[in-house]
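Remarks on the structure that follows.
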Amino acid sequence: MTSNYLTQPSQQNLPQLGILASGNGSNFQAIATAINEHKICAQIGVVIYNNPHAFVQLRAQKLGIPAVLLDHRQFASREDLDYAILQTLQKYHIDLVIMAGWMRIVTPVLISAYSDRILNIHPSLLPSFPGNRAVQQALDYGVKITGCTVHLVIPEVDRGKILAQAAVSVLPDDTVETLQNRIHAVEHEIYPQAIAEYLSEIRATKSNTT
Ligand code: GRF
């Protein structure tokens, strides 16, 4: 686990990342590690989670990163949840939103406020196997190669512009768990890399237009 995050001074001039996560948070951890290793030039301003028992909360706590619980069960609609997310992101001056195992569908409330500024990682080679249970779907279909995809978030689920992909072979005796584990390991490589590249792209676009 990364430990020197706490010792770093808050660097307000760095792009601020807001992480949305519902569960384990291993992708969040990989991103935090990449930041500590100076592979991503940014800072994680806040982690937002929607399940009170999500392990990601403990991970964030250990790293001294603010973690905010927004339990979807407390909101009347998806839009209401997204307004609360938006308020939190704005409170922490978030520039780029990173969905890392966020198990809620986001609405135009959030997407239009952060247009082209929300990234997601999906455990298949999109456009194959969008939606839930992508690993199970790949096994059921019998594909020999699957993988993971980093993409921009648009209102159509798992359909935004693809930023990065990596392939993972399906082995004859794979179960959802074994295949998922290998996909996860690859996600931890490509997600930080894709974030770093996308931030460079944003910086380049900004400096060309100023
Ligand atoms: C990852 O497999 C990601 O592709 C999917 O949710 C999972 C999150 O894992 N969207 P973790 O919480 O980052 O460990």
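Counting starts at 1 for both ligands and their atoms, following the listed order. Computed over heavy atoms, backbone and side chain alike; hydrogens, waters and symmetry mates excluded.
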Heavy-atom side-chain contact between W102 and I85 under 4.5 Å: yes
Residues in side chain to side chain contact (heavy atoms under 4.5 Å, CB included) contact with V176, at least two apart in sequence or another chain: V135, Q136, L139, Q180
Gap between atom CG of L110 and atom CD1 of I105 - 0.5 Å precision: 13.5 Å
Residue pair D174 / R182, side-chain heavy-atom distance below 4.5 Å: yes
Contact residues of ligand 1, where a non-hydrogen atom lies under 4.0 Å away: N24, G25, S26, N27, G101, I121, H122, P123, H184, E187
Heavy-atom check, side chain of D158 versus side chain of N120, under 4.5 Å: yes
Full working for side chain to side chain contact (heavy atoms under 4.5 Å, CB included) between M99 and I118: CA-CA 7 Å; M99 289 175 34; I118 308 178; 3.8 Å; yes
